[in-house]
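Structure record follows, encoded as structure tokens.
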There are 2 protein chains.
Amino acid sequence: MDKQKDILNAALKLFTEFGFHGTPTSKIAQEAGVANGTLFHYFKTKDELIVALYVDIKKQLGFCVAKDIQAEDSIKETARKYYVAALHWGIDNETEFRYIQQFLSSPYVSMIPAELVEQSLAMINMIKEGIKQKLIKVTPAEYVMSIISSHLYGVNQYINSQKLSSAKQKQLINESFELVWKMIT
Amino acid sequence: MDKQKDILNAALKLFTEFGFHGTPTSKIAQEAGVANGTLFHYFKTKDELIVALYVDIKKQLGFCVAKDIQAEDSIKETARKYYVAALHWGIDNETEFRYIQQFLSSPYVSMIPAELVEQSLAMINMIKEGIKQKLIKVTPAEYVMSIISSHLYGVNQYINSQKLSSAKQKQLINESFELVWKMIT
DNA sequence: TTTATGATTGACTAATCACTCCACAAATGT
DNA sequence: ACATTTGTGGAGTGATTAGTCAATCATAAA
């Protein structure tokens, strides 16, 4: 009965299928089962809805990725947990993952609110710690972060495009982490 | 004096800045210095223009990447040349590179004409040859391709975001190839 | 019961957009 | 010289769109 959620879900579905351009707000309202005006009650503009949807998805991902991390984990273990959790999330939430990509390579990127930027700080700090401990050989941390992120993105895309069995997926995920780890250490 | 080229250039500039949605055909015509009707003389629809621009850019990239390859090059040398050329192209053609990303994560992907798909076949075959020679340890070839592509994409994004000096760029590009190579062999 | 507040509606509008049409100009062929 | 094709312009059009608004409805506090 949460209409705001309904609108976000409808927007996600239609935006990923038809693009920002291709989906009028009227269709979103219709898909969500609410009146046209209701959409604008929750989101002042279409742009605001587009950004809000990104923020919402990013928070889900952030929560999912952070939940298993424990203070006593080693750097490698922490990195693996981040990596594996993100990949699993990407597989279980294919549409959301696609929306992130779509959003990030659109001009709306510049509208990301400041509050979201700090989220990836935890990972950058972990990498910096790894570099300080001379575990990670590649520098600077931002470069390592960039490499890992794009690797994640590539593996995810491959897994989704191949529709592998669950077991094969798990194996690939673990192996692919070792691949990246080998590369940066 | 090539109006078709002018239109493509104007479209590239505006699409990357304001998105497909945010740039009306009238603005593209204006930016290109041609009349509204002229645009539709060269491209029947806006969608056709969007796809044609992608095809045009992809052909430029394809040409640039293939031009240095020689038949007697080793697998590794061939791979390096592909990789380095693509990265250099991405740095010299930042806007074009961004357009490729934007296009690929939009619903327009499904409109890519068949003729373009075969272009990346040369690279897949090279990887397959590498696997056959037991040089490349990671399989299948499509997976390797996926990893390399996304790595390229990540490094490019890092280089462009950091605005490194030309010398640092060159060094990073060569090092980053060795990084990927180490990973897959 | 009254009053207040916010959610919800859907008809409405002003603006915009992709695309057409047709007149004319330039190039090209005969 | 003429005919035909091709390129160019820009006003015009019908459809669509984001966003508004006045009016209801639901809920609950006073």
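Throughout, protein chains are lettered first and strands after them, A, B, ... in sequence-line order, and every chain is numbered starting at 1.
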Distance-only side-chain donor-acceptor flag, A:Asn174 / A:Glu178, under 3.5 Å:
no

For the side chain of B:Phe40, starting at C-beta, report the closest nucleotide among C:dT9, C:dT20, D:dG9.
C:dT20

Tell me the interatomic distance from B:Gln30, atom CD, to D:dG9, atom C1', rounded to whole angstroms.
14 Å

Take atom NZ of B:Lys5 and atom C1' of D:dT8, then tell me their distance rounded to the nearest Å.
20 Å

Residue whose closest nucleotide on DNA chain D lies nearer the 5' end, B:Ala35 versus A:Thr23:
B:Ala35

Taking the minimum atom-to-atom distance to the side chain of A:Thr45, which one of C:dA18, D:dG19, D:dA18 wins?
D:dG19

To the nearest angstrom, the CG-P distance between B:Asp2 and D:dT6 comes to 17 Å

Between CZ of A:Phe43 and C1' of C:dT8 the distance, given in whole Å, is 15 Å

By nearest nucleotide on DNA chain D, pick out whichever of A:Gly37 and A:Lys27 is the more 5' one.
A:Lys27

Any idea which of D:dT20, C:dT9, C:dA18 is nearest the A:Val34 side chain?
C:dT9

May I have the distance from B:Lys3 (atom NZ) to C:dA27 (atom C1'), rounded to whole angstrom?
14 Å

Shortest non-hydrogen contact from B:Phe43 to B:Glu48?
CA-OE2, 3.9 Å

Of the listed C:dC17, D:dA11, D:dA18, the closest approach to the B:Pro24 side chain comes from C:dC17

As a test of reading the structure: which of D:dT8, D:dT17, C:dT9 is closest to the side chain of A:Thr38, going by heavy atoms?
C:dT9

Can you see if the side chain of A:Tyr42 gets near the phosphate of C:dT8 - specifically, an N or O under 4.0 Å from OP1 or OP2?
yes

Can you tell me the distance, in whole Å, between the CG atom of B:Asn36 and the P atom of D:dA11?
10 Å

Provide, to the nearest angstrom, the distance between the CG atom belonging to B:Asp47 and the P atom belonging to C:dC17.
16 Å

Between B:Glu94 and B:Lys163, is the closest basic N to carboxylate O distance under 4.0 Å?
yes

Is the ring pair B:Tyr99/B:Phe20 parallel, tilted or perpendicular, if the boundaries are 30 and 60 degrees?
perpendicular

It should be established whether B:His41 places a side-chain nitrogen or oxygen under 4.0 Å from OP1 or OP2 of nucleotide D:dT8.
no

What I want to find out is whether A:Lys59 reaches A:Glu115 closely enough, with some N-O distance under 4.0 Å, to be called a salt bridge.
yes

Rounded to whole Å, please give me the gap between NE2 in B:His21 and P in C:dA15.
17 Å

Please tell me if A:Lys44 has a side-chain N or O lying less than 4.0 Å from either OP1 or OP2 of D:dT20.
no

